[in-house]
Undergrad: 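Starting off with a structure, shown below.
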Amino acid sequence: MTAVNVKLRLRGYDLASVQVDLQESWRIGPVEIPSRLVLAPMAGVSVQAFRRQGRRFGAGLVCSEMVSCAGLSHGNERTLGYLRIAADEHPLAVQIFGSEPGVMAEAARMVEDAGADLIDINFGCPVRKVTKTGAGATLLEEPDRACGIVGTVANAVSVPVSVKMRRGLHNGSRTCLELGPKLVEAGAASLTLHPRSACQMYTGEADHSLTAELVELVDVPVVASGDIVSRAKAQTVLATTGAEAVMVGRAAQGNPWALRQIMGDDADPSREEVVAELVLFIRETVRELGEHRATGFLKKFYGWYLGRGRFPRPFKQELVQLATLEEIEQRLFAAAPGARFVLERLQDELPQGDEVLLDLPISIYGGG
Ligand SMILES: Cc1cc2nc3c(=O)[nH]c(=O)nc-3n(C[C@H](O)[C@H](O)[C@H](O)COP(=O)(O)O)c2cc1C
């Protein structure tokens, strides 16, 4: 619970009706985060284009998707690609997953060298491919190993180390409340809680009463993740849990305007704005992933951007059937011609050229 909330509760205020200022900055260790809104790490979604967009729309902190420590340690080229950090992403957390403290510490040093402001450790991933290796949510049930990982990683780097976790493995579990304080003792400078069990995956509701309990137990900032879809929900969760910030995931997929709305600007985007953001997203993703990978990666985003009553349903079907991204862009501009001007303006406002993509240190590429 934040000091402000403690004082308010002592004075008899109903915390649920307190308005928390989302524009207020806060800190994880020495890292200043300019708003109380955090963009969630999402595998298959949180590419650099998504993170840069999130920063433009009000997120004070953005996160990479989870990066395999084994992949980094083996010099896997695709894994190393996750360490490309743009100048306008900061502050940025790069999330790592693994199960061996030594390998994770080595990976964390690579992440720090690449320019991340924070290293986040994944103790929440419920996917079998990850849990069967002893990583992700499995570690919630292995407190000694989990604390060993946090301690070893925190000793290996000078940037703050945070942990993102679920409530536990099984429905009704309260494991996060036992483990959280131990992780802080081991060196975690912040905790993010997604209070669903690993078994639940994304069903049911995130139980933020656990977030409130965790806040009471630790003296580091807690970030609340799960079902933050509106300004009202963000305000309620901040006020009733004492969490330092809220994290937004699915609501921001193809919908950066959700971030803007949570920050207090209710204006719905015009069709021109939607198309301009989507085209910018396509172009940046191609630059990051290459045309071939980007073509498959982008397919899920068309529905996310164009849905919500913004464009007629068959339009998305039409787009995914087009052969090239160039054709997709042309079709999008045909549907909203004014988008070209919005896009020009957007591009003028973005940092250009060398300022954008910082090259990785050569050592990270293994000398080549
Ligand atoms: C497609 C997808 C991928 C995700 N990948 C990650 C991940 O790589 N690391 C992580 O800690 N959480 C991951 N999550 C969980 C989110 O960060 C977040 O905690 C969860 O979606 C609940 O928040 P929401 O209701 O705002 O979506 C993922 C969620 C989704 C939907």
Side-chain angles (χ1 to χ4, degrees), residues 36-48 50-51 54 57-59 61-69 71-72 79 82 92-98 104 107 111 116 118-131 133 135-140 146 149 161-168 176 183 188 190-208 210-211 214 222-234 236-238 241 243 245-256 258-259 261-262 297-301 303-304:
R36 290 172 178 269
L37 185 59
V38 180
L39 190 62
M42 287 186 283
V45 177
S46 300
V47 290
Q48 194 179 82
F50 184 74
R51 305 188 308 248
F57 278 78
L61 175 66
V62 296
C63 307
S64 78
E65 66 180 82
M66 57 184 200
V67 181
S68 159
C69 290
L72 289 179
T79 316
Y82 289 124
L92 164 86
V94 169
Q95 188 185 66
I96 57 174
F97 74 95
M104 294 188 74
V111 169
L118 295 154
I119 288 162
D120 189 59
I121 302 180
N122 181 311
F123 288 166
C125 181
V127 176
R128 172 110 186 98
K129 201 172 109 188
V130 170
T131 53
T133 67
T138 326
L139 286 157
L140 296 170
I149 288 171
V161 172
S162 56
V163 173
K164 182 163 178 285
M165 58 182 175
R166 288 203 174 218
R167 65 182 293 166
C176 59
L183 297 175
S190 167
L191 299 174
T192 299
L193 180 63
H194 175 203
R196 281 188 172 88
S197 71
C199 288
Q200 258 183 296
M201 303 292 280
Y202 296 95
T203 61
E205 269 180 44
D207 179 358
H208 284 295
L210 283 170
T211 313
L214 182 65
V222 171
V223 178
S225 168
D227 305 340
I228 310 293
V229 294
S230 64
R231 183 167 172 82
K233 180 81 185 195
T236 303
V237 168
L238 284 172
T241 63
V246 282
M247 178 178 270
V248 177
R250 289 165 295 172
Q253 290 172 334
N255 192 24
L259 302 176
Q261 280 159 358
I262 289 171
F297 172 87
L298 284 164
K299 286 206 160 108
K300 55 186 177 287
F301 283 86
W304 288 340

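Remember, it's 1-based here, ligands and their atoms both numbered in the order they're listed. Along the sequence shown, residues carry numbers from 1.
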Undergrad: Testing the basics here: between Ser64 and Gln95, what is the closest heavy-atom pair and its distance to 0.1 Å?
TA: OG-N, 3.0 Å
Undergrad: Identify, by atom number and element, the atoms of ligand 1 in contact range of Ala40, meaning under 4.0 Å from any of its heavy atoms.
TA: 17 (O)
Undergrad: Side chain or backbone, does Arg196 bring an N or O within less than 3.5 Å of an N or O on ligand 1?
TA: no
Undergrad: For a quick test of reading the model, state the closest non-hydrogen atom pair linking Ala188 to Val163 and the distance between them.
TA: CB-CG2, 4.1 Å
Undergrad: Number the atoms of ligand 1 from 1 as they appear, then name those within less than 4.0 Å of a heavy atom of His194, with their elements.
TA: 19 (O), 20 (C), 22 (C)
Undergrad: Would you call Phe97 a ligand 1 contact, heavy-atom distance under 4.0 Å?
TA: no
Undergrad: So which protein heavy atom does atom 31 (C) of ligand 1 come closest to, and at what separation?
TA: Arg250 CG, 3.5 Å
Undergrad: Show the nearest heavy-atom pair for residues Ser225 and Pro195, with the distance to one decimal.
TA: O-CD, 3.1 Å
Undergrad: Specify the closest pair of heavy atoms between Phe50 and Ala252, including all atoms of both residues, with the distance to one decimal.
TA: CE1-O, 3.5 Å
Undergrad: Examine Gln253 against ligand 1 and note whether any of their N/O atoms are separated by less than 3.5 Å.
TA: no
Undergrad: Please list, in number order, the atoms of ligand 1 under 4.0 Å from a heavy atom of Met66.
TA: 8 (O)
Undergrad: Report, in ascending order of atom number, the atoms of ligand 1 lying under 4.0 Å from any heavy atom of Lys164.
TA: 10 (C), 11 (O), 12 (N), 15 (C), 16 (C), 17 (O), 18 (C), 19 (O)
Undergrad: How close do Val222 and Leu214 get, counting heavy atoms only, and between which atoms?
TA: CG1-CD2, 4.2 Å
Undergrad: Among all protein heavy atoms, pick the one closest to atom 30 (C) of ligand 1 and tell me residue, atom and distance.
TA: Tyr202 OH, 3.5 Å
Undergrad: Which atoms of ligand 1 are found less than 4.0 Å from any heavy atom of Asn122?
TA: 9 (N), 10 (C), 11 (O)
Undergrad: When you look at Lys164 and Met247, which way does the side-chain contact (heavy atoms from CB on, under 4.5 Å) test go after all the steps?
TA: CA-CA 11 Å; Lys164 182 163 178 285; Met247 178 178 270; 3.5 Å; yes
Undergrad: Within 45° of the axis and under 6.0 Å from the centre of the six-membered ring of Tyr82, does NZ or CZ of Arg51 qualify?
TA: no
Undergrad: When you measure from the side chain of Arg196 to the backbone of Gly204, do you find a donor-acceptor pair of N or O atoms at a distance under 3.5 Å?
TA: yes
Undergrad: Would Ala43 count as a polar contact of ligand 1, with the cut-off being nitrogen or oxygen pairs under 3.5 Å?
TA: yes
Undergrad: Considering non-hydrogen atoms only, spot the tightest contact between Ile96 and Cys69 and give its length.
TA: CB-SG, 3.6 Å
Undergrad: Which atoms of ligand 1 are found less than 4.0 Å from any heavy atom of Asp227?
TA: 24 (P), 25 (O), 26 (O)
Undergrad: Taking the minimum heavy-atom distance to atom 18 (C) of ligand 1, which of Gly249, Gly124, Ser225 ranks first?
TA: Ser225
Undergrad: Using atom types as modelled and distance alone, determine if a side-chain donor or acceptor of Asp227 lies under 3.5 Å from a backbone N or O of Ala206.
TA: yes
Undergrad: How far is atom 9 (N) of ligand 1 from its nearest protein heavy atom, and which residue and atom is that?
TA: Gln95 OE1, 2.7 Å
Undergrad: Do ligand 1 and Pro41 have nitrogen or oxygen atoms that lie under 3.5 Å from each other?
TA: yes
